[in-house]
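See structure below.
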Amino acid sequence: MDLKKLSIFLKENKIPAFRLKQVRDAVYKNFAVSWEEIPVLPAALRERLRHGIHINSLETLETRISKKKDAVKFCFALKDGLKIESVLLKLLSEKWSLCISTQVGCPVRCPFCATGKKGLKRNLSPDEITDQYLTAANYLKKLGEQKIGSVIFMGMGEPFLNYDSVAEAVRTIADPDLIGLGQRHISVSTSGHVPGIRRFAKDFPQCNLAISLHAAEEPLRTDLVPLNRTYPLSQLAKALKDYIFSTKRRVFVEYVLMEGINNSRTQVARLNAWLRTVAAPKYFVVNIIPYNRTGGPYRAPTRERIKLFAGLLEAAGIEVTIRKSMGEDISGACGQLAGK
Ligand code: SAH
Ligand code: SF4
């Protein structure tokens, strides 16, 4: 919700200021998504607010639950009718992670990603980003489920091409007076926007940074992540080096594995060598994401070939995780969010 708007509305309507705190706590601490869910407000006031202020900028069109019940995809309509998606994932035993969107579509247009297919429609506002959290939290609360333990900015869009809104949303999510999830439980994934990485290092040194690398050689990376034309690997390496130097934090490297494209032995060696130009291996965790189908010419390697790639990298002294695909049956896996 827009707290500034609410504050102005209350003043203009001569409603006492303590109502602001009541609403703020109800929305950010108790995850109310409708005025009816705030019983401390007198009914007449709720009615006035209902006509004057949107408590939540999203309308939930659909909630899809995966067969294994470890992923829930939300499809939201924005006030202008455009659609976005968020996904709740049960990663570690009982904890939920929420993967949220930052743009409608994405201008980077990586050829293997469903979000990039139609290019960018528009940026999300800070509220449209935060409200994904509040709505998902409301959903879990009503089910009596565990709370959201971490937030990953890894849904639709390139977060650093909408930096100001993303930064405001991160502040709201981390602010103890508002949502209050610690910065350490917030991760942002970028396709390699160098100025964004530099700002992020200064603004949020406690948050986690993930880089979608997918290739460690220039022409291939430009094919897979067209933003590489603007910020080539050499610039990215320098930005990451500075990031690690100033934050002392590890960087998560995402690598979508595609058979015959980026999974050869030579490519393992290149990845290993490139990472070493940035920092010592202990500063990296490489997340291998087996390609999820998005209708293109790509395919995921076999289980054995994925393990082979991971093993070679581990043998070089690098920590590797293989992301298990979750929510593929509800089109909620990495790269499948299209806002259809
Ligand atoms: N735009 C940002 C964050 C959103 S994309 C970024 O690119 O980092 C989130 C992750 O999903 C990225 O690592 C992206 O490369 C990955 N991804 C995209 N399409 C995919 C697909 N078809 N299969 C598996 N992962 C995919
Ligand atoms: Fe955009 Fe990320 Fe998809 Fe590339 S992978 S098109 S940067 S959302």
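Just follow the structure's listing: the first ligand is 1, and inside any ligand the first atom is 1.
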Polar proximity ligand 1 side, [X] side, N/O cut 3.5 Å exclusive:
X      : result
Thr294 : no
Phe112 : yes
Glu254 : no
Asn292 : yes
Val256 : no

Item checked: Structural part of Met156 in contact with ligand 2, heavy atom criterion under 4.0 angstrom ->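 Neither part.
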Could you tell me whether ligand 1 has any atom less than 4.0 Å away from a heavy atom of [X]?
X      : value
Ala300 : no
Cys99  : no
Arg293 : no

Return the option from [options] holding the heavy atom at the smallest distance from [atom].
atom                    : options                        : answer
atom 12 (C) of ligand 1 : Pro111, Gly192, Ser212         : Ser212
atom 14 (C) of ligand 1 : Met258, Arg323, Met154, His214 : His214
atom 1 (N) of ligand 1  : Gly157, Ser191, Gly296, Cys106 : Gly157

Distance-minimising heavy-atom pair for [X] and [Y]:
X      : Y      : value
Leu49  : Leu6   : CD2-CD1, 3.8 Å
Val225 : Ser191 : CG1-O, 3.6 Å
Ala216 : Trp274 : CB-CB, 3.8 Å

Side chain of [X], backbone of [Y]: donor and acceptor closer than 3.5 Å?
X      : Y      : value
Glu85  : Ala338 : yes
Trp96  : Leu140 : no
Lys67  : Asp329 : no
Arg249 : Cys207 : yes

Note to self: Show me which atoms of ligand 2 lie under 4.0 Å from any heavy atom of Ser191.
What the structure shows: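 Those qualifying, in numeric order: 7 (S).
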Item checked: ligand 2 atoms in contact with Gly116 (distance to a heavy atom under 4.0 Å) ->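 Here the atoms of ligand 2 in question are 6 (S).
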Notebook entry, point to check: Got more than 12 heavy atoms from elsewhere within 6.0 Å of CZ, Arg299?
Noted result: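 12 or below, so no.
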Indicate, with yes or no, if the rings of [X] and [Y] have centres closer together than 6.0 Å.
X      : Y      : answer
Tyr139 : Phe74  : yes
Tyr255 : Phe309 : yes
Phe112 : Tyr291 : no

Notebook entry, point to check: Which atoms of ligand 1 have any heavy atom of Gly155 under 4.0 Å away?
Noted result: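 What qualifies from ligand 1 is 4 (C).
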Notebook entry, point to check: Which of the atoms of ligand 1 are close to Ile289, meaning less than 4.0 Å from one of its heavy atoms?
Noted result: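 It comes down to these atoms of ligand 1: 24 (C), 25 (N).
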Item checked: atom 1 (Fe) of ligand 2 within contact range, any protein heavy atom under 4.0 Å ->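 At least one protein heavy atom is under 4.0 Å away.
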Next item on the list: Using the salt bridge (Lys or Arg N to Asp or Glu O under 4.0 Å) rule, take Glu314 and Lys307 through it: C-alpha gap first, then chi angles, then the decisive distance, then the call.
Entry: CA-CA 10 Å; Glu314 270 166 353; Lys307 285 213 174 122; over 6 Å; no
Next item on the list: If you have a sec, work out which protein heavy atom is nearest atom 4 (Fe) of ligand 2 and how many Å separate them, to one decimal?
Entry: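 Ranked first by proximity to atom 4 (Fe) of ligand 2 is Cys110 SG, 2.3 Å.
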Check: Tell me, which protein residue and heavy-atom name are nearest atom 3 (Fe) of ligand 2, and how many Å apart are they?
Finding: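 Nearest protein contact, heavy atoms only, for atom 3 (Fe) of ligand 2 is Cys113 SG, 2.4 Å.
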Item checked: For ligand 1, the portion of Thr190 having any non-hydrogen atom under 4.0 Å away ->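 For Thr190, the contact with ligand 1 is made by the backbone alone.
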Next item on the list: Measure from atom 1 (Fe) of ligand 2 to each N, O or S atom of Cys106 and report whether any distance is below 2.8 Å.
Entry: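 Looking at Cys106, which is the residue asked about, there is an N, O or S atom under 2.8 Å from atom 1 (Fe) of ligand 2.
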